[in-house]
Amino acid sequence: MIYFEILKKACEDVEISFNEQKYKMLMDYKELLKEWNEKINLTAITDDEGIVKKHFIDCIKAFKAEEFKMADKIIDVGTGAGFPGLVLAIMREDMEVTLLDSLNKRINFLNQVVSTLGLKNVLTIHSRAEDGARRKDLREIFDIATSRAVANMAVLSELCIPYVKVGGSFIALKGPAIDEEMKDASKAIDTLGGQLDRVIKVEIEDTDLNHNVVIVKKIKNTSKVYPRKAGTINKKPIK
């Protein structure tokens with residue numbers, strides 16, 4: 001139970017419950033992440049403490065956005081090793097979480113974690129973000145689309161906002177320096193039917209890491225023009 005107290009402290013900070021069952025799930029997830037990471041590239045962070053603080057606690061801090069406490073249905077776009085979606089699903093087993101990723105090897109890993117942990121509230125989908133957002137069963141149906149991807153906000157907005165229903169939110173987990181990025185993304189957010197609501201600064205327990213949770217409200221439907229084809233979004237972000 002070496003990391004129980006620090007995880008509990010992080011959960012108390014965002015006012016969500018934590019118990020031994022959730023702790024066990026996170027520790028089992030950590031071991032699977034380390035095991036699979038030897039076969040496929042899932043994370044550069046491989047030590048136990050780093051996984052707990054830089055992955056798990058960072059994802060838990062997403063609950064600083066109250067929207068995550070109330071949402072019924074969310075999608076994690078480009079989920080990778082399951083961050084933040086899988087951690088959010090562990091913390092809130094009453095919330096339906098869809099994990100979408102373009103690499104089938106990562107989906108296989110996520111399916112193994114879901115099976116081992118016995119999670120009933122997680123669906124995995126193998127798809128590029130651009131393609132998934134054009135599917136009728138995925139477009140504009142989610143309370144929240146989230147991403148912890150490294151793409152800039154203009155690109156991320158085009159990949160994520162089309163999944164969000166009007167009245168919902170696109171919530172991005174970003175690093176410390178986002179002011180310039182947000183300025184560059186303002187046209188894209190507006191074009192896609194979003195409106196910047198607020199940016200919440202978060203601190204990670206026992207580290208000097210400072211991150212941001214960016215909340216964009218969906219105020220109107222996204223034009224069918226978006227998202228554009230793969231490649232175009234990165235080469236020519238909406239400006």
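Source: prediction; values computed, not measured. Side chains are part of it too, since the values below use all heavy atoms of this structure and drop only hydrogens, waters and symmetry mates.
Without hydrogens or angle criteria, N19 side chain to Q21 main chain gives a donor-acceptor distance under 3.5 Å. For the pair T146 (side chain) and I171 (backbone), a donor-acceptor distance under 3.5 Å is present. In this structure, R92 contributes its side chain and F68 its backbone to a donor-acceptor pair below 3.5 Å. Of the possible polar contacts, one joining the N121 side chain to the M95 backbone as a donor-acceptor pair under 3.5 Å is found. Judged by distance alone, with hydrogens and angles left aside, the side-chain atoms of K218 form a donor-acceptor pair with the main-chain N or O of V164 at under 3.5 Å. Under the 3.5 Å distance criterion, the side-chain polar atoms of R228 are matched with a main-chain donor or acceptor of K236.
Considering only heavy atoms from C-beta on, E35 comes within 4.5 Å of L32 through its side chain. Side-chain contact between L159 and I233 is present, with at least one heavy-atom pair separated by less than 4.5 Å. Side-chain contact between M25 and L119 is present, with heavy atoms from C-beta onward closer than 4.5 Å. T98 is not listed as a side-chain neighbour of Y163, based on a closest heavy-atom distance of 4.5 Å or more. A heavy-atom distance below 4.5 Å is found between the side chains of N37 and T46.
K34 and D48 are joined by a salt bridge, as a carboxylate oxygen and a charged side-chain nitrogen come within less than 4.0 angstrom of each other. With respect to the salt-bridge test (charged N to carboxylate O, under 4.0 angstrom), the residues K53 and D58 do not qualify. The existence of a salt bridge linking E158 and K229 is excluded, since no basic side-chain nitrogen approaches an acidic carboxylate oxygen closer than 4.0 Å. A salt bridge links K61 with E205: at least one charged nitrogen is closer than 4.0 Å to a carboxylate oxygen. No salt bridge links K22 with E93; every basic N to acidic carboxylate O contact stays at or beyond 4.0 Å. Looking at K24 and D28, a side-chain N of the basic residue comes within less than 4.0 Å of a carboxylate O on the acidic one, giving a salt bridge. In summary, E203 and K64 do not engage in a salt bridge, as defined by a charged side-chain N under 4.0 Å from a carboxylate O.
In this structure, a donor-acceptor pair under 3.5 Å is absent between the side chains of Q195 and D190. Defined by atom type and a distance below 3.5 Å, a donor-acceptor pair is missing between the side-chain atoms of H126 and D101. A donor-acceptor pair shorter than 3.5 Å can be found between the side chains of T124 and N111. Checking H211 against R148 by side-chain atom types alone, no donor-acceptor pair falls below 3.5 Å.
Under a hydrophobic-cluster definition in which Ile, Leu, Val, Met, Phe, Trp and Tyr are linked whenever side-chain heavy atoms come within less than 4.5 Å, directly or via other members, L138 and L103 are assigned to different clusters. Transitive grouping of hydrophobic side chains (ILVMFWY, heavy atoms separated by less than 4.5 Å) brings I60 and F83 into a common cluster. Note: the hydrophobic cluster containing F142 does not contain L99 (ILVMFWY, side chain heavy atoms under 4.5 Å, direct or indirect links). The hydrophobic cluster containing L117 also contains V97, counting ILVMFWY residues as joined when their side-chain heavy atoms lie under 4.5 angstrom apart, directly or transitively. L88 and I125 sit in two unconnected hydrophobic clusters of ILVMFWY residues. Membership requires side-chain heavy atoms under 4.5 Å apart, directly or through other members.
Checked against a 6.0 Å centroid threshold, the rings of F18 and F4 count as neighbours. A centroid separation of 6.0 Å or more is found between the aromatic rings of Y3 and F56.
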Test K239 against D184 for salt bridge (Lys or Arg N to Asp or Glu O under 4.0 Å), laying out the working first.
-> CA-CA 7 Å; K239 287 190 176 175; D184 291 342; 5.4 Å; no
Please walk me through it: do V214 and M182 pass side-chain contact (heavy atoms from CB on, under 4.5 Å)?
-> CA-CA 9 Å; V214 182; M182 292 310 299; 3.7 Å; yes
Begin with the C-alpha distance, continue with both residues' side-chain angles, and end with the deciding distance and a verdict on salt bridge (Lys or Arg N to Asp or Glu O under 4.0 Å) for E96 and K73.
-> CA-CA 5 Å; E96 186 182 315; K73 192 179 179 77; 2.8 Å; yes
Candidate pair K8 and E12, rule salt bridge (Lys or Arg N to Asp or Glu O under 4.0 Å), full reasoning | CA-CA 6 Å; K8 185 167 180 278; E12 286 171 351; 2.9 Å; yes
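For the atom pair NZ (K9) and CG (D13), the distance works out to 9.0 Å, reported to the nearest 0.5 Å. For the atom pair CE (M27) and CE (M1), the distance works out to 9.5 Å, reported to the nearest 0.5 Å.
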